[in-house]
**Student:** 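So that we are looking at the same thing, I have put the structure below in structure tokens.
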Amino acid sequence: MEDGILTQRKGQIHTKGEEPFSINCDKESLAGAVSQRACVFCGSRVVLYPIADALHLVHGPVGCAAYTWDIRGALSSGPELHRLSFSTDLREKDVVFGGEDKLYRSLIELVDRYGPKAAFVYSTCIVGIIGDDLEAVCKRVEREKAIPVIPVQSEGFKGNKRAGYNAACRAMMTLVGTGDISGISTVSVNLLGDFNLAGEIWIIREYLEKMGVEVVANITGDGRVNDLRRAHGAALNVVQCSGATMDLAKMMAEKYSTPFVRASYFGIEDMAESLYRIAEFFETSSPGIMARTQELVRGEIEKLLPVIEKYKKDLKGKKAALYVGGAFKAFSLIKAFRLLGMQVVVAGSQTGTEDDYRELHEIADKGTIIVDDTNPLELVSFIKEKGVDVLVGGVKERPIAYKLGVGFCDHNHERKEALEGFVGMANFAEEIHRTVMSPVWRFVPREESL
Amino acid sequence: MSDYVSTTNACKLCTPLGACLAFRGVEGAVPFLHGSQGCATYMRRYIISHFREPMDIASSALGEKQAIYGGGPNLKQGIANVVKKYDPKIIGVATTCLTETIGDDVPHILHELGREWGGEKPLPLLVNVSTPSYQGSHVEGFNATIKAIVDQLALETGSEIPGRVNILPGLLSPEDIRHLNEISRDFGFHATILPDYSETLDGPAKAAYETLPEGGARLGEIKEMCRAAMTIEFGRSLIGGDFAGSVIGKRSGNKTIGIGTPVGLRENDAFFGALEKTSGLKTPRPYLLDRGRLIDAYVDGHKYLFGKRAVIYGEEDLVIALASFLAETGIVPVLCATGIKSPSFKNSIESVTEGLAAERPLALDGVDFHQIKETAEKLSPDILIGNSKGYKMAREWKIPLIRVGFPVHDRFGGQRLLHVGYRGALRLYDEITNALLETKQESSSVGYGYL
């Protein structure tokens, strides 16, 4: 495992069973290490992106907006303003003389053109340096146009992706509490940390509807500004992808005493467990909810098990490596792979916290490599060392798997297959089967030693 | 066309992305962005989605402290780490808006690093280029990088190396680069093509994972570029400007020929003409046959295409080349658009379509897709030709989109699209004609089986 690992990175890699648990994480990426991570801006942008009726204006040179144009598979059931890319496209003279005027005029122009319900204005590296007063410009436009205009302090260099999550949560928090909450059921939730990739949040909402639970705000998949404004009226926050929106849940707990539970919609166990946790919470206010939930879960599992069994025959004993954005997803994936008879031998994330990794360590098998903020060459050495059959990651990890001659499953924000819910587990099994069992691997040249 | 302050759906990318692509076309090179971590990661993702190949870009990953006190130490440490892990022959350092604005003096930092270097492995060659994203676009970044590579490495002067030519192709596909290589070889030349990412961004399956992909313009040859018999620089926008071709020209006294990107009949005639003149040979028969087949196809398909209205968008030189080609076929390029600001764009479009296009094409530079759409809508186009970014218009108007250039991330095989040569034109011609035939067939109630 020593191959290709820089000394400064060693603390961020842990192999279960080799030593007592300890991992170094939540730090800035090492220069020259070719991290798979992006930046603060990226963190904010991914979280707020799916709010479909808001204007998302990136204040900076054109790249930051261009690379995030329609990048996520976050679907909307209505407006699709989020799928356009808006930039102030700062030029040299703006850098010298300041970009505030261009920002102001851009905002007015775009708000007039699209009539959004709110505007998010993202700060980029350069804005942090030239010192544009984003807040003042936003306030002015907010006054003139009578919609919330919210600055997002997401200068790329001011921390890592997690700092961007936090900036996004702070931005959303300015909306929460500004809407009318009359008529909201006492049996109601907000769904935090689901981005409606490939329509996933609709699957979860359908389950909740069957249980008799109202969803007030999707945060942020298929999200709407007015729903966010009413989010404080929900009885419970259900938080998935803890890294991205946990800060918002905590802020709401403090300000509005809204309790929260953590959830994961991947795999049978975690999906069922999440629904039960919600049912448990509403047991007194909604009698019979637990029975309804059990019936729902039973029905879904009955449909799902034959599908799993079918794929398991081929997949049993195969090995998987995971490299995902948030560590929380990795827990569910380990369990989901176990269900398929497979073993996870490498598990890593871009933004896990020490607690996340400790939990990951608890549920992982002995010998599993646990890694924070890895890079292509480390992944290559882990995959080779462990004899992996499939890598789960995002677009940047895909060519690494393919060049090594192993399968790949996109579990990141560009995916086009719904992987959440019980139906998502079936899709996941199908996708893993499709990549692992393909005949093409037989033709891939292999090193003698392998 | 209306002017707007804001940019909606940009028809360009940022400057350092062009630098990364250019550096990837040099043997044993690691592109390195001096800036915050996000830039490298975003660009990697963007490039990977087109080429479907690993694209490692290192970053100095500046944090808040470095943004205040200067990014020098991070740049040095980053380079040291890249050397340890990749053992590259060359590291191409491009700046970003962050490091340009805080005023890091990269040449000076690299010079210092050279003096202080105590690594186990020797320090590789370092090439640096200034690519603030608030100046220009990915195309300017690409051109500036090619120029920087030539300026900093092509230092050998002396006797002419027999049979050696340079081709500076601009931003083309790996398939294009392979074809250019083949053409040069068939003229008896050994061409140094800069950049050459024909293998690094379109590599074969291999037994061992390559830390650095094989291929790229050979360093030894880059150093000798000023000793070539001739340099051909593609791109009408570069003619007469201060780019890599003129650096070689000035340094060597050798001839640099600036021609349009060879798409279609006439621009290829110019290209093959230049090769004939330098080699003293006639165009080899296979290419004459390709040329003949191209004209034959122009004739066979002319009635399908005459008067059809096309909108072309993307990188300036590719748009000009495509306009030249389409005008030859009878298609009217009603709108030619580029996101890049260029005062010469309009003239170039006029001169390549003059006497052929039935209608004077509208040429817009410095525009975004909002403006392109707004303008194109009124011109009732039959077909769009450009990168994947025009898909939304094609979908809305139910007209075909012929994907060319970069990025193509909603189709397979973008890296293997051939644009140049008579053969590239023939391929484009077939695809365009078939797309129009398909539209006709699909929209007809008859369901014609012969067209």
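Each chain gets a letter, A, B and so on, in the order the sequences are listed, and its residues count up from 1.
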**Student:** Examine whether an atom of B/K389 lies under 4.5 Å from a heavy atom of chain A, and if so say whether it belongs to the side chain, the backbone or both; otherwise answer neither.
**Tutor:**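 Both parts, heavy atoms under 4.5 Å.
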**Student:** When only pairs under 4.5 Å are counted, which of B/K206, B/E100, B/K84 shares the most heavy-atom pairs with chain A?
**Tutor:** B/K206
**Student:** Tell me, side chain or backbone of A/T124 under 4.5 Å from chain B's heavy atoms, or both, or neither?
**Tutor:**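 A/T124 has no heavy atom closer than 4.5 Å to chain B.
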**Student:** Side chain, backbone, both or neither: which part of A/D70 has a non-hydrogen atom closer than 4.5 Å to chain B?
**Tutor:** side chain
**Student:** Classify the side-chain pair B/S342/B/E316 by whether it contains a donor and acceptor separated by less than 3.5 Å.
**Tutor:**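 There is such a pair (donor and acceptor under 3.5 Å, judged by atom type) between the side chains of B/S342 and B/E316.
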**Student:** So for B/A205, is it side chain, backbone, both, or neither that comes closer than 4.5 Å to the heavy atoms of chain A?
**Tutor:** both
**Student:** Among B/G136, B/S137, B/G339, which has the most heavy-atom pairs under 4.5 Å with chain A?
**Tutor:** B/G136
**Student:** Please flag which part of A/R113 lies under 4.5 Å from any non-hydrogen atom of chain B: side chain, backbone, both or neither.
**Tutor:** side chain
**Student:** Does any backbone or side-chain atom of B/P204 lie under 4.5 Å from a heavy atom of chain A? Answer side chain, backbone, both or neither.
**Tutor:** backbone
**Student:** Do any pairs count as a salt bridge (Lys or Arg N to Asp or Glu O under 4.0 Å) and have a residue in residues 396-407 of chain A, sequence neighbours left out, and if so which ones?
**Tutor:** A/K403-B/E53
**Student:** Relative to chain B, which segment of A/I400 carries a heavy atom at a distance below 4.5 Å: side chain, backbone, both, or neither?
**Tutor:**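 The answer is both parts of A/I400.
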**Student:** Under 4.5 Å from any heavy atom of chain B, what part of A/V395 do you find: side chain, backbone, both or neither?
**Tutor:** both
**Student:** Select one option (side chain, backbone, both, neither) describing which atoms of B/F51 are under 4.5 Å from chain A's heavy atoms.
**Tutor:** neither
**Student:** If you tally heavy-atom pairs under 4.5 Å against chain A, which of B/A61, B/S60, B/G63 wins?
**Tutor:** B/G63
**Student:** Regarding B/D410 and B/S388, is there a side-chain donor-to-acceptor distance under 3.5 Å anywhere?
**Tutor:** yes
**Student:** Is it true that the side chains of B/Q37 and B/T41 contain a donor and an acceptor less than 3.5 Å apart?
**Tutor:**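 B/Q37 vs B/T41: donor-acceptor pair found between side chains.
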**Student:** Taking the six-membered ring for Trp, are B/F32 and B/F23 ring centroids under 6.0 Å apart?
**Tutor:**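 Ring centres of B/F23 and B/F32 not closer than 6.0 Å.
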**Student:** Which bit of B/H138 comes within less than 4.5 Å of chain A, counting heavy atoms only: side chain, backbone, both or neither?
**Tutor:**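 Neither part.
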**Student:** Using heavy-atom distances under 4.5 Å, tell me whether A/E28 contacts chain B through its side chain, its backbone, both, or neither.
**Tutor:**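 When you check distances to chain B, only side chain atoms of A/E28 fall under 4.5 Å.
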**Student:** Consider side-chain contact (heavy atoms from CB on, under 4.5 Å). Of A/Y49, A/Y165, A/Y122, A/F120, which one does A/S44 pass it with?
**Tutor:** A/Y122
**Student:** Would B/F142 and B/F406 count as a close aromatic pair, with their ring centres under 6.0 Å?
**Tutor:**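 No; B/F406 has its ring centre 6.0 Å or more from that of B/F142.
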**Student:** Select, from A/G128, A/A66, A/A33, A/C42, the one with the greatest count of heavy-atom pairs under 4.5 Å involving chain B.
**Tutor:** A/C42
**Student:** Which residue out of B/P54, B/A58, B/A40 racks up the most heavy-atom pairs below 4.5 Å with chain A?
**Tutor:**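 The candidate making the most pairs under 4.5 Å is B/P54.
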**Student:** Tell me, side chain or backbone of A/E155 under 4.5 Å from chain B's heavy atoms, or both, or neither?
**Tutor:**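 For A/E155, there is no contact with chain B at all, as no heavy atom is under 4.5 Å.
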**Student:** Identify whether NZ of Lys or CZ of Arg in B/R52 sits under 6.0 Å from the centre of the six-membered ring of A/Y402 and within 45° of that ring's axis.
**Tutor:** no
**Student:** What option among B/R44, B/M55, B/Q135, B/K65 has the most heavy-atom pairs under 4.5 Å with chain A?
**Tutor:** B/R44
**Student:** What part of B/Y4 lies closer than 4.5 angstrom to a heavy atom of chain A: side chain, backbone, both or neither?
**Tutor:**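 Both backbone and side chain.
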**Student:** What residues of residues 6-19 of chain B sit under 4.5 Å from chain A when you count only heavy atoms?
**Tutor:**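 From residues 6-19 of chain B, the residues near chain A are B/S6, B/T7, B/T8, B/N9, B/A10, B/K12, B/L13, B/C14, B/L17.
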**Student:** For A/Y114, is it the side chain, the backbone, both or neither that has a heavy atom under 4.5 Å from a heavy atom of chain B?
**Tutor:**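 Just the side chain, heavy atoms under 4.5 Å.
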**Student:** Which region of B/Q66, side chain (C-beta onward) or backbone (N, CA, C, O), has a non-hydrogen atom less than 4.5 Å from a non-hydrogen atom of chain A, or is it both or neither?
**Tutor:**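 Just the side chain, heavy atoms under 4.5 Å.
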